[in-house]
Amino acid sequence: MSKIHLQIDGRDVDAEEGMTILETARSVGIHVPTLCHHEELEPYGACRICVVEVDAGGRKGLVAACVRPIDQNMVVTTRNEKIDNIRKILVEQFLAHAPDSEVLLGLAEEYGADKDRFEKQSTFCILCGLCVRYCVEVKKKNAIGFYDRGSTREIKFIPELAAKECKDCKGCFPLCPTSYLQAAYHLTEALAFPSTTSVGRGSGHSK
Ligand code: FES
């Protein structure tokens, strides 16, 4: 694999061909925020919070650092007024869905986002897809998936699979940036397979 030379925030960096901007930035300790990215998963490029500005041979533009591979002599800027403003608006939009997310509130503080800018549509999920992709790519179980499209798109556990696979796994829980996932799981558990919950076990003992 050949070496790629580029500049990130004014620093000269050498990296391997095929690496993304995010991987390269992280390899030299430059922080780029992410929400839908996880090192164990395939790049997804959904949330856009990792937006950076690139100049690649005179072609300038904004790209998602987690999916964009590096190019020879590329010049990358990970933070400026334009980038910060995009991240701020994205965080404001996500907070309309998940106003209590600690991850989002931390980003709001960093980028000066107003958590009440957009009308609340408390779906509690920002559709980062980490849980769905973790279940498919790492656990190979497909116990949780996306349903619907557009404004009604949501994630749901598949009760028959969740009853069998999730009880001793829950590996996706810590990945969720909003805590929606835990609530969705417990709701599915309570409705679809209550006999395995503590409530179910408790009522069994009382008989
Ligand atoms: Fe890059 Fe979500 S972290 S698009």
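For clarity, every value in this text was computed on a predicted model and none was experimentally measured. We count ligands from 1, going down the list as the structure has it; atoms in each ligand are counted the same way.
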| message | Check this for me: does any side-chain nitrogen of one of Asp84 and Arg79 sit under 4.0 Å from a carboxylate oxygen of the other? | response | yes

| With a cut-off of 2.8 Å, does any N, O or S atom of His37 fall short of it relative to atom 1 (Fe) of ligand 1? | no

| field | SG (Cys36) - atom 2 (Fe) of ligand 1 - SG (Cys47) angle, nearest 10° | value | 110°

| Is Glu42 paired with Arg133 through a side-chain N to carboxylate O contact shorter than 4.0 Å? | no

| field | Per-residue contact class, Leu35 against ligand 1 - non-hydrogen pairs under 4.0 Å | value | backbone

| field | Pairing of Lys88 and Glu81 as salt bridge, 4.0 angstrom limit | value | no

| remark: For Ala46, the ligand 1 atoms with a heavy-atom partner under 4.0 Å come out as 4 (S)

| query | Would you say Cys50 reaches atom 1 (Fe) of ligand 1 with an N/O/S atom under 2.8 Å? | reply | yes

| Ala65 contact mode with ligand 1 (heavy-atom cut-off under 4.0 Å) | neither

| request: Using a cut-off of strictly less than 2.8 Å, determine whether Cys66 has an N/O/S atom near atom 2 (Fe) of ligand 1. | output: no

| task | For the residue pair Asp12 and His5, confirm or rule out a side-chain donor-acceptor distance under 3.5 Å. | result | yes

| note | Test side-chain contact (heavy atoms from CB on, under 4.5 Å), reference Leu6, set Asn73, Thr24, Val75, output is Thr24

| request: For the pair Lys3 and Glu17, find out whether any cationic side-chain nitrogen is under 4.0 Å from an anionic carboxylate oxygen. | output: no

| message | As an exercise, identify every atom of ligand 1 less than 4.0 angstrom from a heavy atom of Gly45. | response | 4 (S)

| query | On the ring face of Phe146, is Arg153 found with NZ or CZ under 6.0 Å from the centre and within 45° of the axis? | reply | yes

| remark: Counting from 1 in the order shown, the ligand 1 atoms closer than 4.0 Å to a non-hydrogen atom of Thr34 are 3 (S)

| field | Closest approach of any protein heavy atom to atom 4 (S) of ligand 1, naming residue and atom | value | Arg48 N, 3.1 Å

